[in-house]
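Whatever order the structure lists them in is the order used to number ligands and atoms, beginning at 1. These values consider heavy atoms only, across backbone and side chains, with no hydrogens, waters or symmetry-generated copies. Quick note: residue numbers are just sequence positions, from 1.
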Amino acid sequence: MLHRRTLLLAPACLAAAALPASVRAHGYKIGSIEIGHPWSRATPPTAPTAGGFLKITNTGTTPDRLVSARSPAAKSIEIHEMKMDGNVMRMRALEGGLEIPAGATVTLAPGGYHLMMIGLTAPLKDDTKVPLTLTFEKAGSVDVELSVGPMGSMPKGH
Ligand SMILES: [Cu+2]
């Protein structure tokens with residue numbers, strides 16, 4: 001009887017062991033839109049802004065558009081583009097949002113497109129999560145969490 005009980009428990013243990021892996025993958029989905037690994041960086045105590053980075057994939061057959069983002073961690077969030085203007089790097093807000101073409105992945109990363117969290121309510125701390133709501137023109141709104149990494153952290157390749 002004892003042996004049998006052990007066997008019955010095993011699948012539950014396996015399921016529990018598998019859970020952290022899916023949490024680590026850190027992805028979200030709404031309609032045809034998939035959000036991969038949203039992240040940010042810890043900020044110094046007086047920093048007024050922070051960047052938000054993620055991958056957005058449109059698995060559908062029509063284009064969609066990231067139109068807005070909000071978070072309790074910031075007064076407002078703008079969608080920014082970074083571009084070389086001569087030899088000066090400039091940021092500008094994308095007023096109409098960011099288009100996600102059908103079948104494409106758009107990456108928001110340091111040095112390119114990013115979310116600009118403006119008016120932080122508190123400094124972002126390493127190894128915490130920041131709630132974020134993304135709104136797409138067609139797919140609607142999805143709640144995600146930004147994983148906060150160490151100050152100045154960069155994705156591989158930078
Ligand atoms: Cu910016």
Side-chain angles (χ1 to χ4, degrees), residues 19-158:
L19 189 64
S22 62
V23 169
R24 263 199 308 276
H26 192 209
Y28 305 83
K29 193 171 176 7
I30 177 138
S32 303
I33 295 290
E34 289 176 10
I35 309 293
H37 187 53
W39 65 285
S40 187
R41 295 185 283 211
T43 58
T46 56
T49 61
F53 314 108
L54 60 148
K55 268 187 185 168
I56 305 170
T57 300
N58 182 355
T59 62
T61 52
T62 52
D64 204 341
R65 187 169 279 275
L66 174 64
V67 288
S68 66
R70 65 192 147 82
S71 169
K75 287 201 183 78
S76 66
I77 300 182
E78 292 180 352
I79 303 161
H80 278 189
E81 175 184 45
M82 244 180 184
K83 257 194 174 167
M84 290 304 286
D85 178 9
N87 48 13
V88 182
M89 189 71 121
R90 289 189 200 282
M91 284 201 300
R92 70 182 186 98
L94 296 174
E95 301 298 345
L98 175 60
E99 181 171 304
I100 318 296
T105 295
V106 175
T107 302
L108 285 75
Y113 296 124
H114 57 277
L115 298 176
M116 197 75 175
M117 305 170 71
I118 299 166
L120 294 177
T121 50
L124 302 187
K125 289 206 175 74
D126 184 18
D127 209 21
T128 61
K129 307 254 191 216
V130 174
L132 174 74
T133 303
L134 300 167
T135 301
F136 294 87
E137 196 172 71
K138 290 180 187 139
S141 293
V142 59
D143 292 330
V144 307
E145 278 184 326
L146 294 166
S147 292
V148 181
M151 218 174 277
S153 53
M154 281 293 207
K156 287 207 167 88
H158 274 74

Anything protein N, O or S sitting under 2.8 Å from the Cu ion (ligand 1): count it and give me the total. 4

Looking at every non-hydrogen atom in both residues, tell me the closest pair between Leu146 and Gly52 and how far apart they are. CD2-CA, 4.4 Å

Option passing side chain to side chain contact (heavy atoms under 4.5 Å, CB included) with Met117 (candidates Thr49, Leu132, Val130):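 By the side chain to side chain contact (heavy atoms under 4.5 Å, CB included) criterion, Met117 pairs with just one of Thr49, Leu132, Val130: Val130.
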
Please examine the side chains of Leu94 and Leu66, heavy atoms only from C-beta on, and report whether any two atoms are closer than 4.5 Å.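 No, their side chains stay 4.5 Å or more apart.
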
Starting at CD of Glu137, measure out to CD1 of Ile33 and round the result to the nearest 0.5 Å.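 Separation between the atoms: 10.5 Å.
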
Nearest-0.5 Å distance, OG1 of residue Thr43 to CG of residue Leu124: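 If I round to the nearest 0.5 Å, the distance is 4.5 Å.
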
Polar side-chain atom of Lys29 near backbone of Gly31 as donor-acceptor pair, under 3.5 Å: yes

